[in-house]
Number of protein chains: 2
Amino acid sequence: MDQQKPKDYLGVREIAKLAHVSPSTVSRVINYPERTSDDVRERVNRIIEEYHYVPNQMAKNLFSKSSNSLAVFINNLTNPFYALLLQELGQLAFQEQYNLLICNTQHNRNQEQDYLSYCQSVRTKGIISIDNHPTNIYGNLHSSMKLVSLDGKVDSVHYSSVTSNHYQGINMLMNHLVDLGHRKIAYAADNSNLHAGKLRRQAYQQLVGWHHNLPYRVDYVADFECSIRAGKDIIEYYMHLPDPPTAILCANDSMAIGVLMYAQHIGLKVPEDLSITGFDGLNEDFSYPRLTTVMQDYKKIARLLFDDVVDPKRADHVHHEVVDVSLLVGETTGPAKKQVYLP
Amino acid sequence: MDQQKPKDYLGVREIAKLAHVSPSTVSRVINYPERTSDDVRERVNRIIEEYHYVPNQMAKNLFSKSSNSLAVFINNLTNPFYALLLQELGQLAFQEQYNLLICNTQHNRNQEQDYLSYCQSVRTKGIISIDNHPTNIYGNLHSSMKLVSLDGKVDSVHYSSVTSNHYQGINMLMNHLVDLGHRKIAYAADNSNLHAGKLRRQAYQQLVGWHHNLPYRVDYVADFECSIRAGKDIIEYYMHLPDPPTAILCANDSMAIGVLMYAQHIGLKVPEDLSITGFDGLNEDFSYPRLTTVMQDYKKIARLLFDDVVDPKRADHVHHEVVDVSLLVGETTGPAKKQVYLP
DNA sequence: TTGAAAGCGTTACCAA
DNA sequence: TTGGTAACGCTTTCAA
């Protein structure tokens, strides 16, 4: 009936006609208002308001040869630490008028390749690759496109990297536990293929015998699902060892929460019977009792990643930054009082 | 020294010249290869490969008058349910070749307005507004731009909505608890201003006296922080009431996990001493012991939101969909055996 | 099957 | 201070 087909958007030309000026004047009113006379500016602005004129960004992009965008390649949005980081990156991008493309690769190479093509086709300024080894598919990027990796390889001459000091974090946790009298410290690794996880596990393995002179036990390192539910498996595995640990370092906060929950569920007192630590330090109000964990400086990490891509002072050279972490002593670690055995 | 300034990207014209054909032929090889002769197609493709030519999407966008994009307005990426939903929307967008703009508004009206302008300037197909009442700033959207709200108002004639059946979910939980013999069922509401939370609270209030004929108690509904740590406050509040509940409905899974953790921490047995339920049903492996909760059908929700914006069959009319939820009986609910009092 | 030319909406240059 | 014109890189129509 009265179905009016969606009218086209107005363009500078229409606005110009309505305001009785030329298109270039409309453009000038928008972009350089100080170079226009008061009455022309006022007239044009009134028309713009009245007709809700919104300049076409696609035309601007074409002209400027840039979509002013950054891409974040991320495997999994549901990892809480990365979600927080992404949020922070979004804020930086917003503040500096960049468009942030979220490329959720889901560990799928084809999808990654497709996203990459898209990024190239819109002349993205750069790619922030989160916990994802840039592989050969990144080989033919245009020279103007920067690449920076979080928690990935740190030795490339082709792209920059930012890495939390996982080694320092594990060391802080171990010092803390050793100071509390612990000698039997196990490490619950996560089996999801995250590189950050591998770095933490390596750190544990290097530190245990070498720095802290603790007995090295093969059975004190094992892989588990990266989830809260893994807590059961972790407790059952470690606490049924012939010589169970008095403390368990978990690869991340989720696993630590799981361990904490299951420990309490079966009647273990934390920290009296067992000390538990996490890694990530998402925010203060994450668990009860408060987890002893390592805080990653996500604001600094986001800033470095962002600048490595867009700040010309940084983006021109390849950097490999390591970001300090800090220990957050909570209520899940305490003196190693006694040895606890499960039946 | 040998600092070569970043060369420009190649265009159709350069490729055309290198392949000794015209620009239109290059375009045709890419978009309608069947309308080209074998040798021309082969020649052009070889050059494209060799020089890593990537067509400029910005020019395509300008020509097609569309950036083929959708926007998601979301308050907070760290809410795990919304993160999951966002991931699902990302997959749909990817599959159907849409570009998903993530507009993380952080409850900031100015930021929301800025994002909105951007969306208009790229002629976004539509906006998916997550738990966020579209306000008057959405008043002047171009008629071709769709708007759909998740868990927002459901009575607008201007935009569509999708809502989980929160009422049904709360009802299922209450039926389950009443069947187990519970009569004293409290509700821990969340004080973050989420509309989904308000709907759940309303449902509880309507159901308690009316449908289940339970004693109505003002002190059985209270607001708490939407976090795991709130568990302590929730337990301390409810379990110190003169007549404590035997079951606590929590507004979402995070709060329920917190209640579970704190209950176990102070020695309450779950579910023997206290039954606990959540809401969201993020995924199976979220807690130990497994939480009794309500699963929202995030895949269906994502599909509806997506189609309301892009599928012409749906997008042409305003829809208000309510999506069924399902009860997930876990291990945190059990018979109401005895009354527990805290000292 | 191929090529020439116009046009998408904007901005920038230069002339008035 | 203002307006005409060309250009951004692509696709598409139309003519060859």
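FYI, side chains are in, hydrogens and waters are out, and symmetry mates aren't considered; it's all heavy atoms of this structure. Chain naming here is simple, since letters A, B, ... match the order of the sequence lines and numbering starts at 1 in each.
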**OP:** Establish, with yes or no, whether the OP1 or OP2 oxygen of dC10(D) is under 4.0 angstrom from a side-chain nitrogen or oxygen of Tyr9(B).
**Re:** no

Original post:
With respect to the phosphate group of dG9(D), does any side-chain polar atom (N or O) of Lys65(A) fall under 4.0 Å of OP1 or OP2?
Top reply: yes

Original post:
Separation of Arg35(B) atom CZ from dT1(C) atom P, in whole Å?
Top reply: 10 Å

Subject >> Value in whole Å for how far the P atom of dC8(C) lies from CD of Glu14(A) >> reply: 10 Å

Subject >> Donor-acceptor under 3.5 Å (Asn75(A) side chain, Asp131(A) main chain) >> reply: yes

Original post:
Looking at dT10(C), dC8(D), dC10(D), which one has an atom nearest to any side-chain atom of Pro55(B)?
Top reply: dC10(D)

Original post:
Which whole-number value in Å describes the distance from Phe63(A) CZ to dC8(C) P?
Top reply: 17 Å

Original post:
So, is Tyr32(B) close to the dT12(D) phosphate, meaning a side-chain N or O under 4.0 Å from OP1 or OP2?
Top reply: yes

Original post:
Mapping Ser22(B) and Leu10(A) onto DNA chain C by nearest heavy atom, which one lands closer to the 5' end?
Top reply: Ser22(B)

**OP:** Give the rounded distance in Å between these two atoms: NZ of Lys17(B) and P of dT2(C).
**Re:** 19 Å

Original post:
Donor-acceptor pair under 3.5 Å: do we get one between Ser27(A)'s side chain and the base of dA12(C)?
Top reply: no

Original post:
Within less than 4.0 Å of OP1 or OP2 of dT11(C), is there a side-chain N or O belonging to Ser24(A)?
Top reply: no

**OP:** Answer with yes or no whether Arg28(A) presents, from its side chain, a donor or acceptor under 3.5 Å of a partner atom in the base of dG3(D).
**Re:** yes

Subject >> Short side-chain N/O contact to dG3(C) OP1/OP2 from Thr25(B), under 4.0 Å >> reply: yes

Original post:
Taking Asp308(B) for the side chain and His319(B) for the main chain, is one N or O donor matched with an acceptor at less than 3.5 Å?
Top reply: no

Original post:
Do the side-chain N or O atoms of Asn61(B) get closer than 4.0 angstrom to the phosphate oxygens (OP1, OP2) of dC10(D)?
Top reply: no

